[in-house]
Each structure stands twice: as structure tokens, then as C-alpha cells.
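A quick write-up on the structure given underneath.
Start at 1 and go down the list; that is how both ligands and their atoms are numbered. Side-chain atoms are counted along with the backbone in the values below, which use heavy atoms only and exclude waters and symmetry mates.
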Amino acid sequence: MRSALKIAVVKEIKPDEYRIALTPAGARELVQRGHDVVVERGAGGGSSFEDAAYERAGARIVSVDEAWETAELLLKVKEPIEPEYRRLREGLVLFTYLHIAADEPLTRALVESGITAVAYETVETDDRRLPLLAPMSEIAGRLAAQAGANYLEKPHGGRGLLLGGVAGVAPGRVVIVGGGMVGYNSAIIALGLGAQVTILERSIDRMRHLEEIMSGRVSLLMSSSLQIEESLKEADLVIGAVLIPGALAPKLITHEMIRAMKQGSVFCDVAIDQGGCAETSHATTHSDPVYDVDGVTHYCVANMPGAVPITSTKALTNATLPYVEAIADNGLHDAVAADRALGRGVNVVEGRITYEAVAEAHDLDYTPLEGVLPLSPV
Ligand SMILES: NC(=O)c1ccc[n+]([C@@H]2O[C@H](COP(=O)([O-])OP(=O)(O)OC[C@H]3O[C@@H](n4cnc5c(N)ncnc54)[C@H](O)[C@@H]3O)[C@@H](O)[C@H]2O)c1
């Protein structure tokens with residue numbers, strides 16, 4: 001084990017973001033391993049974690065400047081936003097959700113600063129699981145069905161339909177495009193509400209798995225442009241839940257398809273953090289979550305789990321802590337050498353883009369990770 005690492009946790013300044021990247025329980029684990037943990041004053045307040053709880057865990061409470069300036073490893077939840085760009089610097093390892101394939105200004109800021117940035121969402125195991133996206137996807141998927149049910153109500157601009165129906169009245173129809181973590185969790189809640197659920201998926205293996213675990217309670221259909229067009233016409237609630245890892249979401253839903261949907265129906269584009277899967281999608285916030293396109297309510301909140309920060313902060317730390325411990329104990333080079341999943345999370349090394357889909361998205365130079373970090377244990 002190497003010497004103690006300086007680990008900082010800062011307050012999220014993105015509007016409506018109340019999560020924090022480390023719980024007091026996580027801070028204690030790191031302190032017990034001999035690391036120096038500092039937390040920006042008030043950073044945990046939005047998730048109901050007071051400064052005193054971090055102090056009891058052995059962390060120090062510091063100013064925002066001290067946190068950014070002294071850290072070797074900086075933990076965040078969301079990507080740095082414009083006022084934070086000036087704080088990015090060489091010698092710092094940033095570990096956070098980045099989603100830079102959809103964010104050219106941030107990509108350029110990271111490259112110009114010389115920082116090293118590891119993205120939670122592209123940490124990917126050999127069997128293609130996304131362990132740091134999964135907990136937020138579980139939460140966003142569950143919230144999407146709740147939000148959809150809410151915006152189908154008449155006072156919220158919807159058709160005035162109860163998703164579950166009642167005895168003698170048909171339930172609403174929910175169409176979910178993408179049957180991964182978000183899609184599965186949306187389906188579970190929609191089914192729980194009593195809706196009739198269809199999932200459109202592209203992967204046959206994934207559909208077989210869903211068939212097995214959901215034992216005939218949902219309709220599973222192969223996703224194609226024609227099938228999406230037909231399914232959307234029948235839907236009361238559509239949930240966009242596709243993902244191509246590290247890349248912009250494909251625009252599977254055209255403006256024409258939205259125009260053909262029922263008046264007062266709802267489209268919830270969870271994939272909005274990757275640019276959205278409909279031509280009509282643009283990102284919204286929790287304070288102004290919806291807008292109307294041709295009579296279809298669009299809910300496109302880019303940080304949905306931010307609405308339930310207590311649940312999200314705990315779920316996120318449960319998933320990230322093993323990786324944080326590996327980086328802190330061994331340094332990024334050795335941690336990456338020992339774990340290819342973590343290696344896939346590395347998007348930028350000292351200002352060079354090491355994630356191909358990101359470089360392609362912005363037409364910038366790509367440097368294979370092997371060229372800058374060793375990939376076998378030293
Ligand atoms: N808005 C938010 O707050 C929020 C929170 C969490 C996740 N997300 C986003 O939700 C999206 C889904 O995440 P996930 O964790 O479920 O990913 P996932 O990889 O578990 O699932 C994505 C699924 O989409 C399927 N897919 C790919 N192309 C398709 C196509 N053309 N038609 C149908 N299905 C297709 C894949 O086969 C896969 O099963 C991502 O864009 C993710 O970034 C958003």
C-alpha cells in the first residue's frame with residue numbers, strides 16, 4: 001500500500017443537485033485505510049449529512065478553495081460546470097459522472113487543463129456491466145414511471161388517465177425503448193402501478209433474460225424504426241432508456257413519431273444525459289421539468305436521481321467506494337493495471353483523451369490508454 005492520499009469531496013453547484021460523492025460511512029472507511037479526507041463545508045447538507053457526521057468519521061471540513069487546491073483525488077457527483085472549469089488542473093485525478101461525449105466545452109476544458117478524469121459512467125466490466133451507472137439507472141428508471149404517471153394527470157397537463165386503470169377500466173400503456181437497467185426498473189414500477197408494459201430492445205440476449213425474470217408480465221419486442229413508430233401511436237407513456245456506452249444516444253424517435261402520439265400523452269427521455277433519444281428532446285431541470293411538443297408532455301430531466309438525494313447518495317457511495325479505495329490505496333496506474341473495468345472509466349489522462357467514443361464525438365485526438373497508463377500489473 002502507498003502513502004496516504006489526499007482525497008477531497010466538494011459540494012455540487014449544478015442547479016437542483018443535492019447529492020454528495022461520499023457518505024460519512026464511506027469517509028470513515030477511507031480514513032481507516034490511512035487516507036486524508038477533506039469535505040467542503042456544507043457539502044452533505046442536501047443529502048441530510050451534516051459536517052459533524054464527517055468530522056466524527058475522521059474527515060476535516062474545509063473551504064471550497066482548499067478542497068480543490070490540495071486534493072490529489074477529487075470526488076464529485078456531476079460533471080464540473082463552467083464556474084468550476086478554472087479549478088481543473090494538472091496533477092489532479094477527478095472521479096465523477098462526466099458524460100463528456102455530449103459536452104464539448106467540458107471536454108475541451110479537461111484537455112486544456114491537463115487533468116486526469118475518470119468517468120463513473122464508462123467504468124465497464126468484461127461482461128459489459130456498468131457498475132457505477134447501475135445504481136443511478138435503477139433510481140432514474142423507477143422515477144421515470146412515477147413521473148410519467150404524475151404527468152398523465154389532467155391538472156399536470158396530461159390526458160387524465162390513471163396508469164393502473166381500475167376494475168372494468170383498461171390500464172394505460174407504457175412503452176419503454178431500451179430494456180437495460182433503466183428500462184427494467186421503469187417496467188417494475190409501471191407493472192406495480194398496474195399498467196400494461198411493452199419493452200422494445202435490440203439485444204436478443206437481453207430480451208431472453210427479461211423474459212426469464214419477468215415471466216411474461218411484459219411484452220418484449222425487437223426494436224426497429226417501424227416497431228417504435230407503431231408502438232408509440234398506442235402509448236400513453238413512453239420512456240426513452242437506450243444506451244450506447246460512452247456515445248451520444250441514437251435519435252430513435254423522430255419528430256414525426258412524436259406528432260403521431262396521442263394528445264396529452266407523456267414522453268420521459270431518461271437518455272437525455274447522453275443527448276436524448278428523440279429529435280424533440282432537450283434537457284430540463286427539476287425546477288422546470290417539462291415542456292410540450294405537439295401535445296406530448298416531454299419530461300427530460302438530466303439528473304433525475306438528484307430528486308431523491310438521500311437514496312441516491314447512499315446507492316452511489318455503495319457502488320463507487322471499492323473503486324475509490326483501489327485508486328487511493330494503489331494509485332491510478334496500479335489500480336487500472338489490476339482492473340480493466342476501472343481502466344475503461346479513464347476518459348482523459350493528463351489532458352489526452354483516452355476514450356475513443358469521446359474523441360470521435362468531438363473530432364479530437366484519441367490516445368489509446370495503453371500508451372499512457374500500463375495495463376498489466378507492475
Ligand atoms: N436522466 C437521468 O437522470 C439518468 C440517470 C441514469 C441513467 N440515465 C441514462 O439512461 C440511459 C439508459 O441507461 P441504462 O443504465 O439503462 O443502460 P443499459 O446499458 O443498462 O441499457 C441500455 C439498453 O439499451 C439497449 N439499446 C441500445 N440500442 C437500442 C435500440 N436501438 N433500441 C432499443 N434498445 C436499444 C441496449 O441493448 C441496452 O439493453 C443512458 O443514457 C443513461 O445515461 C439517465
Side-chain angles (χ1 to χ4, degrees), residues 14 16-19 77-79 97-103 119-125 127-148 175-188 198-211 213 220-229 231-232 238-254 257 267-278 281-286 289 298-309 311-312 315-316 319 357:
K14 192 164 179 169
D16 301 317
E17 182 54 72
Y18 302 104
R19 289 171 291 177
V77 177
K78 292 304 284 186
E79 74 283 358
Y97 287 115
L98 276 177
H99 297 291
I100 52 177
D103 189 344
Y120 292 158
E121 75 278 2
T122 64
V123 172
E124 185 180 347
T125 60
D127 59 354
R128 311 220 63 189
R129 283 180 308 103
L130 301 165
L132 303 189
L133 197 57
M136 294 305 115
S137 291
E138 285 178 283
I139 293 171
R142 288 172 185 230
L143 281 173
Q146 284 184 198
V175 171
I176 301 169
V177 186
M181 195 56 96
V182 166
Y184 167 73
N185 280 278
S186 293
I188 287 294
T198 300
I199 298 179
L200 306 184
E201 227 319 319
R202 197 179 58 164
S203 153
I204 299 251
D205 286 344
R206 181 65 188 166
M207 279 197 275
R208 289 199 180 109
H209 178 67
L210 290 171
E211 177 68 33
I213 58 175
L220 291 159
L221 296 176
M222 176 52 80
S223 172
S224 67
S225 175
L226 183 62
Q227 188 59 61
I228 294 173
E229 185 178 298
S231 297
L232 259 56
V238 174
I239 296 174
V242 294
L243 177 69
I244 312 274
L248 282 175
K251 298 281 183 206
L252 301 174
I253 299 175
T254 63
M257 294 180 193
F267 171 50
C268 180
D269 196 351
V270 185
I272 192 66
D273 59 344
Q274 295 295 108
C277 64
S281 299
H282 66 75
T284 60
T285 61
H286 287 294
H298 284 50
Y299 175 98
C300 302
V301 176
N303 61 336
M304 293 174 68
V308 288
T311 308
S312 299
L316 179 63

Item to check | Flag if over 12 foreign heavy atoms under 6.0 Å of OH, Tyr18 | outcome: no
Atoms of ligand 1 close to [X] [distance to a heavy atom under 4.0 angstrom, numbered from 1]:
X: Ala271; value: 41 (O)
X: Leu252; value: 30 (C), 31 (N), 32 (N)
X: Leu200; value: 33 (C), 34 (N)
X: Asn303; value: 3 (O)
X: Met136; value: 6 (C)

Checklist entry - Could a heavy atom of Leu143 be found less than 4.0 Å from some atom of ligand 1? => result no
Next on the checklist: Quick check: Val270 and ligand 1, any N/O pair under 3.5 Å apart?
Outcome noted: yes
Which value, rounded to the nearest 0.5 Å, describes the distance between [X] atom [atom1] and [Y] atom [atom2]?
X: Ser281; Y: Gln274; atom1: OG; atom2: CD; value: 13.0 Å
X: Cys277; Y: Lys251; atom1: SG; atom2: NZ; value: 8.0 Å
X: Leu132; Y: Ser137; atom1: CG; atom2: OG; value: 10.5 Å
X: Asp273; Y: Asp103; atom1: CG; atom2: CG; value: 11.5 Å

What protein heavy atom sits nearest [atom], and how far off is it?
atom: atom 23 (C) of ligand 1; result: Glu201 OE2, 3.6 Å
atom: atom 3 (O) of ligand 1; result: Met304 N, 2.7 Å
atom: atom 13 (O) of ligand 1; result: Val182 CG2, 3.6 Å
atom: atom 11 (C) of ligand 1; result: Val242 O, 3.4 Å
atom: atom 19 (O) of ligand 1; result: Leu243 CD2, 3.6 Å
atom: atom 2 (C) of ligand 1; result: Ala302 O, 3.4 Å

As a check for students: among [options], identify the option with a heavy atom nearest to [atom].
atom: atom 43 (O) of ligand 1; options: Leu221, Asp205, Asp273; answer: Asp273
atom: atom 14 (P) of ligand 1; options: Ser137, Ala241, Ala102; answer: Ser137
atom: atom 33 (C) of ligand 1; options: Ser223, Ala307, Gly180, Pro305; answer: Ser223

Item to check | Candidate pair His99 and Glu121, rule side-chain contact (heavy atoms from CB on, under 4.5 Å), full reasoning | outcome: CA-CA 7 Å; His99 297 291; Glu121 75 278 2; 3.7 Å; yes
Residue portion contacting ligand 1 (non-hydrogen atoms closer than 4.0 Å) for [X]:
X: Ala140; value: side chain
X: Ile139; value: neither
X: Met181; value: both
X: Ala134; value: neither

Item to check | Asp127-Thr125 side chain donor-acceptor pair, cut-off 3.5 Å | outcome: yes
Checklist outcome for this item: Only residue of Val242, Val177, Leu252, Ile244 satisfying side-chain contact (heavy atoms from CB on, under 4.5 Å) with Arg202 is Ile244
Checklist entry - Is there a donor-acceptor pair under 3.5 Å between the side chain of His286 and the backbone N or O of Asn303? => result yes
Item to check | Donor-acceptor contact below 3.5 Å, side chain Thr284 vs main chain Cys300 | outcome: yes
Item to check | Exercise: identify the closest heavy-atom pair between Tyr120 and Tyr97 | outcome: CD1-N, 3.3 Å
Checklist entry - Between Glu124 and Arg128, is there a salt bridge with N-O shorter than 4.0 Å? => result yes
